[in-house]
Amino acid sequence: MPLTIGTAGHIDHGKTWLVRALTGKDTDRLPEEQRRGISIDLGYAPLELEDGRRLSVVDVPGHERFVRTMVAGATGIDLFLLVVDAGEGPRPQTYEHLAILRLLGIERGVVAVTKADAVDEETLELAVEVAQELVPGSEIVAVSARTGVGIDELRGAIARAADGIERVGSEGPTRLYVDRSFTLRGIGTVVTGTLWSGMIGAGDELVVQPSGKEVRVRSVQVHDREVERAEAGQRVAVSLPGVERSEALRGDALVQRGAYPVSYRLDVELDELEPIRDGARVHVHAGTAHVAARVVRVGEHWAQLRLAAPVVTARGDRVVLRASTTLGGGRVIDPAPPRHRDVERLHLVARAPVGATVTAPVPLASLRFVLDGEPEGVERAGSWVFSRDWLHGFERELRAAIESADSTDPGVPMPSVAWAGDVLPLLPFERRGAKLYLPGAVASIGARVEEAERLVRDLDAAGLRAVKIEDDELARFLEARGELVRLGREHAISVQSFAIAKEALLSECASAAEITLARFRDLLDVGRRDAQLLLERFDQDGITRRVGDRRVLRRSSAQRA
Ligand SMILES: Nc1nc2c(ncn2[C@@H]2O[C@H](COP(=O)(O)OP(=O)(O)OP(=O)(O)O)[C@@H](O)[C@H]2O)c(=O)[nH]1
Ligand SMILES: [Mg+2]
């Protein structure tokens, strides 16, 4: 697994010389770096270990004015190479860099006590002891870049520290923070960075965030050699045709479309080196970016960072908070939170598995930025997630509603919610049209047999006169069984009477070609309202069509007549 090791340590303590002794490469390339004898920008070199493994080295500047550059260099690394001058011992940026490494969660590494050739044995021994106290968990190696003493031993110590390091989250979608970009003649813009996760290869379509600029990768190099695909953990150089250098600078992220949020806010769990007050103005370092921000404290341990410019992060990322010095850091809990100051919300999102915050269906997409992977402890249907308890509760609720539905139509309307189509098939109900039933349920008249018989008797007795219906459910049920005909919402007539009325209508229309309400009323010898209800029903059934105050048969009915 490809790993990156990053230097750390106070100015002039010998980082760049040590990197040159280890790799053969002078990473102080800039004329100004050579003239002043200090590192200003990040330097990169490949490091071969005895066993053939190849690490990438990031050399950082030690000057206190360039700590932000150091943070940008340190964000992508897997282990550190802390450099302490044997004669000087730990100095301010030794401590500050070490603190930054801890805030970034980089726990493993090696300490090189440098310039061993320049001090006597006693001083060297003391320096090694001091270093051991400073970083108790790491191997300490005394070295000299000038004479080469200890360099092989240091390589061995680095190999041991690299053993068993796993990059967490590297299976995720493609994410690379640009640490350098430059223009090559005939090629265009090239960006370099450590591939945090995913893969990258020629032809990939990615997005530069936060601008949203779409790019297509032309080629990918790892340590100056073209590769088909680079994998997470590798330092890569990506050529991006059609992109201006100004469109992909240090701090920008090259990511898979839609896979990471771009946000002006981050909810973090704070890790304070010194108390950070509510409202404090800080610089937030995230990836290789740094952005001015205000700290809005939430509860005792959390904060919402409100940023002056958007950044790309993922849950679990570490960020560093600095003012003129390093104040602390944060672990991202929610990389795209709403504007809030809600302890309860943070408590849930931070402490509980995200699944525990889900009950009724929510779109899976709404959770992905606060999830570490697939949601656990939740049920899924289509693009929705919800809790098992909720599903059982919902099933019970529907069953109760169905059971208390009218027996003449023992179903309930489908809930009209976006997730219905995905979630309902999980439940043991039968869908007929827009309603849900128990499987195989048939309509029955239930306890209302007498009532039904009475209604049918009433209708028979009423002849051609419409009878007012008291029980709509029952009327629908009887109509479906062919035992009556409903007129409008509130009336009904017997089937026989309806046939007689229809016969009268058809024969009148056959001879007179049309019929009026008055004529129909006279023919049937009923009241105006009853005639009207019947004619409306004929209209509804598609038998007649209104033309002014008369009706004519529709063509299909006319032919049958
Ligand atoms: N005697 C001796 N001097 C050394 C050794 N390594 C570095 N130096 C001296 O220390 C100076 C600074 O070394 P660098 O490697 O540039 O220091 P650095 O830590 O990279 O400094 P910054 O990048 O500016 O933080 C060099 O110019 C050398 O004069 C060493 O092993 N022995
Ligand atoms: Mg240097």
Side-chain angles (χ1 to χ4, degrees), residues 4-47 55-77 79-101 109-128 130-131 134-135 138 140-155 157-158 179-180 235 250 322 325-326:
T4 301
I5 183 166
T7 61
H10 197 71
I11 184 167
D12 244 3
H13 275 201
K15 297 179 289 298
T16 303
W17 273 40
L18 186 57
V19 168
R20 195 179 59 199
L22 283 165
T23 69
K25 186 169 168 188
D26 185 0
T27 55
D28 277 352
R29 308 152 293 120
L30 301 175
E32 196 189 348
E33 290 181 316
Q34 303 208 331
R35 187 169 49 77
R36 291 171 64 184
I38 63 165
S39 302
I40 292 169
D41 206 353
L42 301 171
Y44 298 93
L47 168 64
L55 267 55
S56 301
V57 184
V58 181
D59 183 37
V60 307
H63 195 295
E64 67 168 316
R65 283 197 29 227
F66 305 141
V67 175
R68 63 171 57 163
T69 306
M70 180 272 170
V71 181
T75 46
I77 69 176
L79 64 165
F80 61 80
L81 173 57
L82 180 68
V83 171
V84 184
D85 185 317
E88 286 205 349
R91 306 268 288 128
Q93 269 65 55
T94 316
Y95 299 112
E96 186 169 15
H97 285 191
L98 200 52
I100 288 166
L101 292 169
V110 176
V111 183
V113 174
T114 51
K115 308 190 192 178
D117 61 284
V119 295
D120 59 43
E121 207 157 308
E122 212 178 310
T123 311
L124 186 60
E125 265 172 38
L126 191 66
V128 169
V130 170
L134 187 65
V135 195
S138 296
I140 317 292
V141 185
V143 297
S144 166
R146 175 157 286 162
T147 65
V149 162
I151 297 296
D152 285 344
E153 206 192 328
L154 179 61
R155 243 195 223 99
I158 291 171
D179 50 37
R180 277 193 300 177
R235 269 206 65 72
R250 177 178 293 167
R322 300 191 77 245
T325 58
T326 301

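In each ligand, atom 1 is the first atom listed, and ligand 1 is the first ligand listed.
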(request) Could you list the atoms of ligand 1 found under 4.0 angstrom from a heavy atom of S144? (result) 31 (O)

(message) So, 4.0 Å and heavy atoms of G9: is ligand 1 close enough to count as a contact?
(response) no

(request) Quick one: which residue pairs count as a salt bridge (Lys or Arg N to Asp or Glu O under 4.0 Å) with a foot in residues 16-42, not counting sequence neighbours? (result) E32-R36, D41-R250

(request) In plain terms, say whether D85 and K115 are close enough for a salt bridge, that is, a side-chain N and a carboxylate O under 4.0 Å apart. (result) yes

(request) Give the contacting part of D59 toward ligand 1: side chain, backbone, both or neither, where contact means a heavy-atom distance below 4.0 Å. (result) neither

(message) Can you confirm whether V84 sits close enough to V130 that some side-chain heavy atom of one is under 4.5 Å from a side-chain heavy atom of the other?
(response) no

(request) Taking the side chain as every heavy atom from C-beta outward, state whether E88 and T94 have any atom pair closer than 4.5 Å. (result) no

(request) To the nearest 0.5 Å, tell me how far D59 CG sits from M70 CE. (result) 11.0 Å

(request) With sequence neighbours excluded, tell me which residues meet side chain to side chain donor-acceptor pair (under 3.5 Å) with T114. (result) none

(request) Provide the number and element of each atom of ligand 1 under 4.0 Å from a heavy atom of D117. (result) 1 (N), 2 (C), 30 (C), 31 (O), 32 (N)

(request) Name the option, out of G62, A112, G14, G37, that contains the heavy atom nearest to atom 17 (O) of ligand 1. (result) G14

(message) Do L42 and R180 have side chains that approach each other closer than 4.5 Å (heavy atoms only, starting at C-beta)?
(response) no

(request) Give the contacting part of R146 toward ligand 1: side chain, backbone, both or neither, where contact means a heavy-atom distance below 4.0 Å. (result) both

(request) Enumerate the atoms of ligand 1 whose separation from the nearest heavy atom of A145 is less than 4.0 angstrom. (result) 30 (C), 31 (O)

(message) Closer than 4.0 Å to some heavy atom of K15 - which atoms of ligand 1 meet that?
(response) 15 (O), 17 (O), 18 (P), 19 (O), 20 (O), 21 (O), 22 (P), 25 (O)

(request) Return the residue, atom name and 0.1 Å-rounded distance of the protein heavy atom closest to atom 6 (N) of ligand 1. (result) W17 CE3, 3.4 Å

(message) Quick one, L18 and L81 - any side-chain contact, counting heavy atoms below 4.5 Å?
(response) yes

(request) Measure from atom 21 (O) of ligand 1 to every heavy atom in D85, L18, D12 and give the option owning the shortest one. (result) D12

(request) Everything protein-side that's N, O or S and under 2.8 Å from the Mg ion (ligand 2): list it, residue and atom. (result) T16 OG1, S39 OG

(request) List the atom of A86, the atom of A127, and the distance in Å for their closest heavy-atom pair. (result) O-CB, 3.5 Å

(message) Taking distance alone, with N or O pairs closer than 3.5 Å, would you say D28 contacts ligand 1?
(response) no

(message) Regarding atom 22 (P) of ligand 1: of the candidates A86, G87, S39, which has the closest heavy atom?
(response) S39

(request) Tell me which one of K115, M70, R20 gets a heavy atom nearest to atom 8 (N) of ligand 1. (result) K115

(message) Does ligand 1 come near enough to I38 that some N or O of the ligand is less than 3.5 Å from an N or O of the residue?
(response) no

(message) List the residues meeting side chain to side chain donor-acceptor pair (under 3.5 Å) with E125, not counting sequence neighbours, and say none if there are none.
(response) none

(message) Whether E64 and R91 form a salt bridge (side-chain N of Lys/Arg under 4.0 Å from carboxylate O of Asp/Glu) is what I want to check.
(response) no

(message) So S56 and Y44, do their side chains get closer than 4.5 Å, heavy atoms only?
(response) no

(request) Identify the residue among I151, L22, V149 that makes a side-chain contact (heavy atoms from CB on, under 4.5 Å) with V143. (result) I151

